[in-house]
Amino acid sequence: MSHPPPPRATAKSWAGLAVLVLPLLLITIDGTVLILGLPAISAQLRPTGVEQLWMIDIYSLVLAGLLVAMSTVGDRFGRRRNLLIGAVVFALASVTGALATEPWMLIAARALLGVGGAIMMPSTLSLVRNMFLDRQQRRYAMAVWAAMASVGAAVGPIVGGWVIETFSWQAAFLLNIPVMILLLVLGPILLPESRNPALRRIDVLSVALSFIGMIGVVYAVKSLTGGKEIGLGIATLVLGLIGIVLFVRRQLRLPTPLMDVRLFKVRYFRGAVIADLLSIFAMVGALVALIQHLQLVLGLNPLQASLWLIPQAVLAATAAFLAAVLVKRILPAYVITFGLLIAALGFGLTIFLTPASSPVLIATALALVALGAGMGLALSNDIIMSSVKPERAGQAAATSETAYELGTTLGTAVLGGVLVAWYTRAVTAGTDTLGLAASHTERASSTMAEALLVATEVGGSTGATILDIARTAFTDAITITGIAGAGVMVLAAIWALVMLRGATANADLAAEQEHDR
C-alpha cells in the first residue's frame, strides 16, 4: 500500500529554522568560548588546574546529565515552551557568569548555563524533525542544524578571543543576552508547538538515576585520569555504573520511559549515536589543548590566536553541506568514514609539533578536524533522526545530544586529564634540579599559565629555564593527546563503516520497520 508524500516545508518553516539555530549556536559556542579566556581568568581568579577543567567541562557535564530529562519535559509540556523557558535560564546564568569574582562562582554560573542549555537543546532538534517531514528537505535542514553546531564549537574561541581582547572575559557571557531576547521575541511567532500526546507522566526516579549515572561516571573519569582521589574516583565510578544499570532496567519496564533504550536495537541508530560520541570525544579533548598552545606556548594574545582559527570555522560551516551533496552519490557510511579519517589525519599532524612550530601547523590540524568531523556529524545526526517517527523525535534528539555532550565532557576529562598529568610529571621532573621552592614547583607543574607566572616571578636564567621546560612539557603533552585523539577517530571510522553500511539517504522506512519489529 503506497503512502501519500509528506507535506513539504513552507517559507515560515525555513524562517523558524533560522530562529532554532540561534540557541543551538550559543549553546555550542559556550562549550568552547572560555578556552581562549583561560589565561585571563587564571590571572584574575587564580584557579587551580582542576578548577580550570571544571570551568570548561561542568557546562557539558550538566548538559549531558539533564538532556534526557529535559527532552521528556518538552515532549510532555511542549517543545517550544521548553525552548523559551531555557532561554530565560540561559540569560540569567550569563549575567551570573559575568559577575563572578571567585572560581567557584564561575563554575556555578557555567553549571547554570548547562541547565539552560539542557532545557533548550533537545527542543531544537526535535522541532526540526517535526517541521520538516519531507526526507530531502529534512536532510538539508539537518545539514543547517549540524553546520551551526559545528560552527558554534569552531567560532566559540574566535568570538571569545575577540571579545576578551577587546573588552574582558566577562563580556563573553554578556553576548548571550541579546540573542536570547531575540529568541524570546521570534520563537512564539515562527515556531510551532509540538509534543508527544502519548506521554502522560515524567518518572522522577528515572531523572535521578540518569543524572547520578552521568555525574558519577564523568567525575570518576576526571579523578582517575588526574591521579588524585583514587578511592573517591573508584567509588563514584561504581555509583555511576549502578545508576546507569538501574536506569536502563527501569526504562525497559516503564510503559512511557524517560529514554526509549529500545531504540538502540536499531543498528543504524546505535551505530550513528556511538560514532558521534567517539568523534566528539576525540575532537573536543584535543581541541582544548591545541588552542591553548597558540597562547601559552607561542605567546599569541586572544585576538591573534582567534585569527588562526578562522580556517577551522569556515570548514566547519561548509562540511555539513558538502556531506549533504556527497551523500546523493555515495552511501552515508563511506562519507562518514572518510570524514572521520580526515579528522584523524588532522590530529596526527601533532607529531610534528614543537615549541617553535608555526601557527600554520595548528591551524591546518584544526581545519582538517573541523572538515572531517563536520561531515561525519551532519550525516550521523540525519540517520539518527530519520530512524524514528516524528512523535519520538524528542527521544532521538535527547539520545543524540546526550552522546554529543557526554563525548564533550569525557573528551575534556579524559584527554584533558592526560594532558595535565603528562605536563605535571614532565615539569616536576624537569625542575627538580633547579632548587625551586616547593610552592613554585607545585604551581609551575599545575598549569602552563601558572608556569608563566612563576617564570616571571623567579626571573633571570632560572626563570627562562622554567619557561623552556614548561613549553616543552606542554607541547609533548599535546602530541600525546593528539595521537590519542587520532586513534579514537580511527576507531570511530571503523565503527561507522561496519555499523552504518547499507544505510541509504532514504532510510526512514527501513529503520522504522526494524524498530517496530
Side-chain angles (χ1 to χ4, degrees), residues 35 38-39 42-43 46-57 220-234 285-300 347-357 361-362 365 411-488:
I35 294 176
L38 280 179
S42 297
R46 305 301 293 271
T48 65
V50 173
E51 286 174 332
Q52 285 188 25
L53 285 178
W54 275 113
M55 287 175 182
I56 295 296
D57 62 20
V221 169
K222 286 173 59 65
S223 299
L224 296 175
T225 55
K228 298 179 180 180
E229 301 177 329
I230 301 299
L232 179 60
I234 293 174
L287 179 69
V288 174
L290 286 170
I291 292 177
Q292 287 191 80
H293 189 277
L294 291 171
Q295 286 184 276
L296 299 177
V297 176
L298 300 185
L300 302 182
F347 285 132
L349 293 179
T350 57
I351 63 175
F352 302 109
L353 194 64
T354 70
S357 292
L361 178 61
I362 292 179
T412 305
V414 175
L415 296 184
V418 169
L419 177 77
V420 171
W422 187 280
Y423 170 82
T424 298
R425 285 194 295 268
V427 171
T428 301
T431 56
D432 273 348
T433 60
L434 297 181
L436 296 176
S439 60
H440 281 158
T441 300
E442 183 179 356
R443 286 173 56 200
S445 62
S446 64
T447 67
M448 180 68 195
E450 278 294 314
L452 295 176
L453 294 175
V454 170
T456 302
E457 293 170 8
V458 172
S461 60
T462 302
T465 301
I466 294 171
L467 194 57
D468 288 340
I469 291 171
R471 284 174 172 165
T472 300
F474 196 78
T475 303
D476 291 344
I478 288 176
T479 299
I480 296 300
T481 305
I483 292 172
V488 175

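For reference, positions follow the sequence shown, starting with 1. The structure displayed is predicted, hence computed values, not measured ones.
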Taking atom CD of Glu442 as the centre, report whether more than 12 heavy atoms of other residues, nucleotides or ligands fall under 6.0 Å from it. no
What are the two closest non-hydrogen atoms of Thr424 and Thr428, and how far apart are they? O-OG1, 2.7 Å
Working to the nearest 0.5 Å, report the span between CZ of Arg443 and CD1 of Ile466. 10.0 Å
What is the ring orientation for Tyr423 with Phe474, classed by angle as parallel under 30°, tilted 30 to 60°, or perpendicular over 60°? perpendicular
Carefully, step by step, assess Thr462 and Leu436 under the rule side chain to side chain contact (heavy atoms under 4.5 Å, CB included). CA-CA 9 Å; Thr462 302; Leu436 296 176; 4.0 Å; yes
How many angstroms lie between atom CG of Asp468 and atom OG of Ser461, to the nearest 0.5 angstrom? 11.0 Å
Validation row: Leu415, Leu419 side chains within 4.5 angstrom (heavy atoms): no
For Val427 and Ala473, which heavy atoms make the closest approach, and how far apart are they? CG2-CB, 3.7 Å
List the atom of Gly348, the atom of Ala486, and the distance in Å for their closest heavy-atom pair. N-CB, 4.1 Å
When rounded to the nearest 0.5 angstrom, what distance separates NE2 in His293 from CG in Leu353? 4.0 Å
Hey, are the side chains of Thr441 and Leu434 touching, using non-hydrogen atoms and a 4.5 Å cut-off? no
Going by atom types alone, do Ser357 and Thr354 pair a side-chain donor with an acceptor below 3.5 Å? yes
Approximate separation, where rounding is to 0.5 Å, of Ile480 CD1 and Thr475 OG1: 12.0 Å
For residues Val297 and Ile478, determine if any side-chain heavy atom of one lies less than 4.5 Å from a side-chain heavy atom of the other. no
What distance do Leu452 atom CG and Leu467 atom CG have between them, rounded to the nearest 0.5 Å? 6.0 Å
Looking only at heavy atoms, the pair that brings Leu298 and Pro355 closest together is CD2-O, 3.4 Å
Shortest non-hydrogen separation from Ala451 to Ala444 and the atoms involved: CB-O, 3.6 Å
